[in-house]
Amino acid sequence: MDWRSSHVWQLGGALIGVAFIGKIAAGFFIRESRFRQMAIGLAMIPRGEVGLIFAQLGLTQASSTPRPTPRC
């Protein structure tokens with residue numbers, strides 16, 4: 001994967017934009033005041049990014065430590 005390619009950055013930006021819009025829009029499907037709907041939608045935004053951080057940490061730690069060998 002060529003990280004310098006503009007296509008990679010455009011795809012990443014589009015996915016982040018869709019994720020933000022989807023989370024904000026999801027708040028409007030509950031029966032609350034508009035203020036609370038928007039607050040709930042905005043509060044959901046950091047959840048996905050935290051998951052990506054932990055996934056990256058797990059990936060880097062798994063590649064830097066040897067796998068345990070199964071004992072029979």
What's the shortest heavy-atom distance between [X] and [Y], and which atoms?
{"X": "Arg34", "Y": "Phe28", "result": "NH1-CD2, 3.1 Å"}
{"X": "Met38", "Y": "Ile24", "result": "SD-CG2, 3.7 Å"}
{"X": "Met44", "Y": "Gly27", "result": "CE-N, 4.3 Å"}

Rounding to 0.5 Å, atoms CG (Leu11) and CD1 (Ile16) come to a distance of 10.0 Å
In this structure, CG of Leu42 is separated from CZ of Phe20 (nearest 0.5 Å) by 9.5 Å
Fill in: Expected output: side-chain Thr60 to main-chain Leu57 donor-acceptor under 3.5 Å
yes
Next on the checklist: Whether the side chain of Gln37 engages the backbone of Ile30 through a donor-acceptor N/O pair (distance < 3.5 Å, no angle test) should be reported.
Outcome noted: yes
